[in-house]
Colleague: 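This is the structure I have questions about; it appears just below.
Only heavy atoms go into these numbers, but all of them, side chains included; no hydrogens, no water, no symmetry mates.
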Amino acid sequence: MQLYLNLTDTTKYTVTFNSNGGSEVESKEVTSGTSVSEPTAPTKEGYTFDGWYEDVTSSTRFDFNTPITNNVTLYAKWVEKEENNNAETEKYTVPDENGNSISFTEEKDREFTFTIINYLSFTDEQLEEAGIPKEMYNQVLETLKNVTKDYGTLLAFYEIEVINDDGFQVHESQSKFNIKIKMTDEMKKYNTFKIINVDMDDQGNISTENPINLKVEGDYLVGTLEHLSNYALTGSYVVPSNNSTTNNPQTGDNIYMWFGMLLISVFGLSVGMITATKSKKSKVK
């Protein structure tokens, strides 16, 4: 099999996440010159997580597109929830051009863009334009289908992202994230739906966790997410007997490398991003 990456430096570096008193976040090992994927946000009672920073004083926010060339320690920034009790907030509903939308509460007078990419929907023309080999793409999707099979039939694999007007990703909101996903004809064949967080480590192990049931409202699936990340959507005819969290690892020699190439390449495609529509002002008391 032809190798699609010419790696001249296989040195490994460790990225350590100092949660500053929050829940523990495991360190990640990455190959020199590659970027590190952002972990699930930690939690801390009485505080709101405000991103990862390069220094303990939280003066420089870390860009997760930065190539790693040495061992790195990142520090969590926290904001006391009490500090925001009197802050004016506004309810934002952010749509995209395909009928999907996301709603959440943040400080007022901001603008946001919303992107939801379904990696299962790429055409041969889009793959060719992005420079993604069809064989590599099919192997990644086959692995994802196998990982999520305990939840039902894999219907979509989403990258869900909200960017504020400072150019930073929004991970948590005061009201969580209420998503609304337009159903395709294929989705309408099922009556039970789950959306599952999908995580992939640097050794190519894929795991699934925190399955969330979505409800059907007309032509849409609706539900609430705790944070934004990569999510698989599954459908089934039978309601599961329990909602226990599944940790279902799959390992492939080059799966992580392939998937990383897929993520990097896809952002070269044209993706519509719509400015937030503001509605229904509210204050946190």
Side-chain angles (χ1 to χ4, degrees), residues 4-19 25-42 49-77 94 96 102 110-119 122 126-127 129-132 136-137 140 157-172 177 197-206 227-231 254-275:
Y4 297 99
L5 283 181
N6 294 320
L7 300 178
T8 58
D9 187 355
T10 58
T11 304
K12 299 285 186 178
Y13 292 109
T14 300
V15 179
T16 302
F17 298 92
N18 185 333
S19 63
V25 178
E26 291 186 3
S27 60
K28 294 190 176 187
E29 187 179 72
V30 298
T31 302
S32 176
T34 63
S35 59
V36 63
S37 59
E38 186 166 0
T40 299
F49 177 68
D50 191 35
W52 295 103
Y53 286 76
E54 297 180 6
D55 53 281
V56 72
T57 60
S58 301
S59 61
T60 304
R61 189 159 186 148
F62 180 72
D63 182 354
F64 279 89
N65 293 317
T66 303
I68 302 300
T69 56
N70 54 271
N71 293 328
V72 174
T73 298
L74 301 179
Y75 302 88
K77 180 180 178 180
V94 191
D96 72 4
I102 192 164
R110 300 300 299 268
E111 291 184 348
F112 301 88
T113 53
F114 170 52
T115 304
I116 178 169
I117 303 172
N118 181 8
Y119 291 115
F122 286 176
Q126 286 176 311
L127 291 174
E129 179 184 351
I132 303 172
M136 177 185 74
Y137 176 77
V140 170
F157 182 58
Y158 296 123
E159 169 83 10
I160 303 176
E161 183 178 77
V162 170
I163 304 293
N164 65 23
D165 49 11
D166 288 330
F168 294 119
Q169 281 187 286
V170 179
H171 294 284
E172 293 185 353
F177 298 96
N197 178 241
V198 177
D199 189 30
M200 188 177 298
D201 67 20
D202 299 300
Q203 283 70 48
N205 302 309
I206 301 176
H227 64 279
L228 302 182
S229 184
N230 299 316
Y231 286 92
N254 294 310
I255 286 295
Y256 183 72
M257 180 182 72
W258 292 342
F259 189 69
M261 290 175 62
L262 181 61
L263 290 179
I264 293 171
S265 299
V266 74
F267 287 104
L269 300 178
S270 175
V271 178
M273 301 182 75
I274 310 299
T275 302

Colleague: Is any side-chain heavy atom of V72 less than 4.5 Å from a side-chain heavy atom of Y13?
Modeller: no
Colleague: What residues form a side-chain hydrogen bond (donor to acceptor under 3.5 Å, both in side chains) with S58, not counting sequence neighbours?
Modeller: none
Colleague: Which residues pass the side chain to side chain contact (heavy atoms under 4.5 Å, CB included) test with N65, not counting sequence neighbours?
Modeller: D63
Colleague: Which distance, rounded to the nearest 0.5 Å, do you find between the CD of E159 and the OG of S229?
Modeller: 7.0 Å
Colleague: Applying salt bridge (charged side-chain N to carboxylate O under 4.0 Å, His left out), can you list everything that pairs with D55, at least two apart in sequence or on another chain?
Modeller: none
Colleague: With rounding to the nearest 0.5 Å, note down the distance linking CZ in F112 to CD1 in I102.
Modeller: 11.0 Å
Colleague: What closest approach, in Å, do E172 and P42 show between heavy atoms, and which atom pair accounts for it?
Modeller: OE2-O, 4.0 Å
Colleague: Of all heavy-atom pairs between T31 and T10, which one has the smallest distance, and what is that distance?
Modeller: CG2-CA, 4.0 Å
Colleague: Looking only at heavy atoms, which two atoms of Y231 and N197 are closest? And how far apart?
Modeller: CD2-N, 3.5 Å
Colleague: So, using side chain to side chain contact (heavy atoms under 4.5 Å, CB included) as the criterion, who are the partners of N18 when residues are at least two apart?
Modeller: N20, T73, Y75
Colleague: Enter the distance from E111:CD to D166:CG here, rounded to the nearest 0.5 Å.
Modeller: 11.0 Å
Colleague: Does the plane of the ring in H171 sit parallel, tilted or perpendicular to the ring in F49? Use 30° and 60° as the thresholds.
Modeller: tilted
Colleague: With sequence neighbours left out, write down each residue that passes ring pair (Phe, Tyr, Trp, His ring centres under 6.0 Å) with F17, or none if nothing qualifies.
Modeller: W52
Colleague: Test side-chain contact (heavy atoms from CB on, under 4.5 Å) on V15 and I68; report intermediate values, then the result.
Modeller: CA-CA 8 Å; V15 179; I68 302 300; 4.2 Å; yes
Colleague: Could you tell me which non-hydrogen atom of S27 sits nearest to which non-hydrogen atom of T16, and how far apart they are?
Modeller: CB-CA, 4.0 Å
Colleague: Residues two or more places apart in sequence or in another chain: which of them pass side-chain hydrogen bond (donor to acceptor under 3.5 Å, both in side chains) with H227?
Modeller: none
Colleague: Would a 4.5 Å heavy-atom cut-off, applied to side chains only, mark I163 and V170 as touching?
Modeller: no
Colleague: Residues two or more places apart in sequence or in another chain: which of them pass ring pair (Phe, Tyr, Trp, His ring centres under 6.0 Å) with F62?
Modeller: F64
Colleague: Checking Q169 now: which residues fulfil side-chain hydrogen bond (donor to acceptor under 3.5 Å, both in side chains) with it, not counting sequence neighbours?
Modeller: E161
Colleague: Checking N118 now: which residues fulfil side chain to side chain contact (heavy atoms under 4.5 Å, CB included) with it, not counting sequence neighbours?
Modeller: L120, S121, A156, Y158
Colleague: For D50, what residues pass the side chain to side chain contact (heavy atoms under 4.5 Å, CB included) criterion, not counting sequence neighbours?
Modeller: Y53, R61, K77, V79
Colleague: Are the side chain of K28 and the backbone of S37 linked by a donor-acceptor contact shorter than 3.5 Å?
Modeller: yes
Colleague: Quick one: closest heavy-atom pair of L74 and E54, and the distance?
Modeller: CD2-CA, 4.3 Å
Colleague: Checking N70 now: which residues fulfil side-chain hydrogen bond (donor to acceptor under 3.5 Å, both in side chains) with it, not counting sequence neighbours?
Modeller: none
Colleague: For I160 and F114: C-alpha separation, side-chain torsions, deciding distance, then whether side-chain contact (heavy atoms from CB on, under 4.5 Å) applies.
Modeller: CA-CA 8 Å; I160 303 176; F114 170 52; 3.9 Å; yes
